[in-house]
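These numbers come from the heavy atoms of this one structure, side chains and all, not from hydrogens, waters or symmetry mates. Naming: A, B, ... by sequence-line order, numbering from 1 per chain.
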Amino acid sequence: MARHLITSAIPYINGIKHLGNLVGSQLPADLFARYLRSRGHEVLFLCATDEHGTPAELAAAKAGKPVADYCAEMHDVQAEIAKGFRLSFDHFGRSSSQQNHALTQAFAGRLAEMNLIREVTEDQVYSLTDGRFLPDRYIEGTCPNCGFDSARGDQCDNCTKQLDPTDLINAHSTISGATDLEVRTTKHLYLRQSELKDTLADWIESKKDWPILTTSIAKKWLTDGDGLRDRGITRDLDWGIPVKNGAENWPGMEGKVFYVWFDAPIEYIACAQEWVDAGKGTDWESWWRTDKGADNVTYTQFMGKDNVPFHTLSFPATIMGVDQDWKLVDYIKSFNYLNYDGGQFSTSRGRGIFMDQALELLPSDYWRWWLLSHAPESSDAEFTWEQFQADANKDLSDVLGNFVSRITKFCRSKFSEAVPEGVAMGAAEDQLIADLTTRLKAYEGYMDATEVRKAAAELRGIWVLGNEYLQANAPWTAFKTDPETAAMQVRVGLNLIRLYAVLSEPFIPDASAAMLAAMKTEDASWPTDIAAALNVLPAGHVFDVPDNLFRKITDDEREEWAERFAGTRD
RNA sequence: GGCGCGGUAGCUCAGUUGGUUAGAGCGAUCGACUCAUAAUCGAUAGGUCGGGAGUUCAAGUCUCCCUCACGCCA
């Protein structure tokens, strides 16, 4: 038994995530966590909401609520949807927690102590009407170069000329439209990542087994231009973690908060503290401190490609910089994007399917199966309604669901709702066991390596073996002349249902539970020996014929949904 | 403009360090079966591996140029 720490990139608080976000981090992380638990390992699976920053403040203002209230509400909404998708977090925390406040401030203080923080004085645009400093992207005006009237403070999207906010003609705030902008001098803290550049490069270089996507992005940031740049870790905002040096005030930094990208990954650690404080665990340090038991922990992170730089460079720079025996990540599994019907999913334009909407259409297993079996591992992947309908119907309804249906109903009509005994297993069953053993080994190998698509294909292959077995041995024919042999074949088939429930649980937990319930067993132990696994349900064991596990998605539904989600979400 | 990941059967995708007739699933066609959610199982068809040049006994796999799509950066 090994110990596995698993984190999913933490979703931003402002709104409900779409299916592309889901398949890029939370869902594969859940798959991995469920699988490792099934294999008997000790798992701590953490996720949280990322709550700080300007977008949260603006979303709260738009909703007419205090930002703290807004975040609390949205956290509950996201937690509920996560439950709907059966995401099995051991704790779903909040980056705004007191634990994260304290830890973030402690990290910053320690970094200063290690001489890895420097103070920078810079000019920024302040909006009197908005009462806040404006990030460059929240300032628009007319481009002095081409006359484009929606040029942003950092560059003109029309002529691509690089700009300073002060270059813009008729500059205004995109938040309020206010034009009473002025330049003010402000002071910020910078993390001296450049000091750690070589250490980070050596570390990345040593990770030979990481996905190419992960290492190529990291190396690019390390070598691009002048190399890794120092990064501002504070902002002039109200909502966030106040800048402090540990528990002490930080002279000159009053009224400022840490930048969201500094505190968000620290929440991975704080979340473990929240987990303990919530009474769910007892010793968070044994997961996070290599001097307190975490040296035997394997830590795997899941994230979309947009988050890779922060997880390969910024956060490790913090961890390495404080030099205090904190656990570093062992494996970073990153994902490309899922596209929607030839374009991008878009949160801002409401294009594609969002998590809450998906659950209104179909049970979570449909989405889990399809998304995971098409996870964008090697390149961007494509969601189309035609493909979704065809794959879900074929894999879930026809191959798996119908297998359960045909064997249980056949048993009920020819024998009873109890496992029949019949003769001993023979050559055909030996072959089945051999084939299952081969495929199981491959399945485990892919799951261990977080090769999500390949694991899904292997699991499907395991389901198909059941249908092949029935088709080749035809108990419905054998029953006419040799009912004892048919009985044995049905006994094998019923045991296959239980086996499939166990193996499928990481992908489709609800269907798995339904299969175990129908077989009236709680034995969900991972098989070490297939022959033994096919004898778990003994002759005479009573079962239920379940309702169809997966109904089919109709053409009418597909057309209606494709139409409904092509437009924009209000 | 620079950089990065890609462009493989109608569709979604695999293709290890270059090496026998380029693979899978879906879809299509044909056949078998009839227990089952008009489900299942088998077979067949379908690709000059984005285009061009080069290295090599041998290239989807390496090099260069071009092109298209996506992303990141300035």
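Considering only side-chain N and O atoms, A:Arg412 lies nowhere under 4.0 angstrom from the phosphate OP1 or OP2 of B:rA36. Contact check, A:Lys454 against B:rG15: a side-chain N or O comes under 4.0 Å of OP1 or OP2. Between A:Lys552 and B:rA39, a side-chain N or O to OP1/OP2 separation shorter than 4.0 Å is present. Between A:Lys409 and B:rU37 there is a side-chain N or O to OP1 or OP2 distance below 4.0 Å.
Aromatic ring centres of A:Phe354 and A:Phe565 lie farther apart than the 6.0 Å criterion allows. The six-membered or imidazole ring of A:Tyr12 lies away from that of A:His52, with a centre-to-centre distance of 6.0 Å or more.
Side chain A:Asn402 to base B:rA36: a donor-acceptor pair is found below 3.5 Å.
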Is there a side chain to side chain donor-acceptor pair (under 3.5 Å) between A:Tyr469 and A:Asp435 once you walk through the steps?
CA-CA 10 Å; A:Tyr469 170 76; A:Asp435 292 343; over 6 Å; no

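Residue contacts shown for A:Val464 are limited to sugar-phosphate atoms, with no base heavy atom under 4.0 Å away. A:Glu382 comes within 4.0 angstrom of sugar-phosphate atoms only, judged by non-hydrogen atoms across all strands, and of no base. The residue A:Leu470 sits apart from the nucleic acid: no heavy atom pair falls under 4.0 Å. Within the 4.0 angstrom heavy-atom criterion, only backbone atoms of the sugar-phosphate kind lie near A:Ala381; the bases stay farther away. At a threshold of 4.0 angstrom between heavy atoms, the contacts of A:Phe550 include nucleobase atoms, whether or not backbone atoms are also involved.
Pairing for B:rA24 goes to B:rU12, judged as Watson-Crick or G-U wobble with the two contacts each under 3.5 Å. Pair check for B:rC41 finds B:rG31; Watson-Crick or G-U wobble, both atom distances under 3.5 Å. Remark: B:rG1 base-pairs with B:rC73; criterion is Watson-Crick or G-U wobble with both hydrogen-bond distances under 3.5 Å. The nucleotide B:rC62 finds its pairing partner in B:rG54, both defining distances of the Watson-Crick or G-U wobble pair being shorter than 3.5 Å.
In summary, the side chains of A:Gln26 and A:Asp30 do not present any donor paired with an acceptor at a separation below 3.5 Å, with no hydrogens or angles considered.
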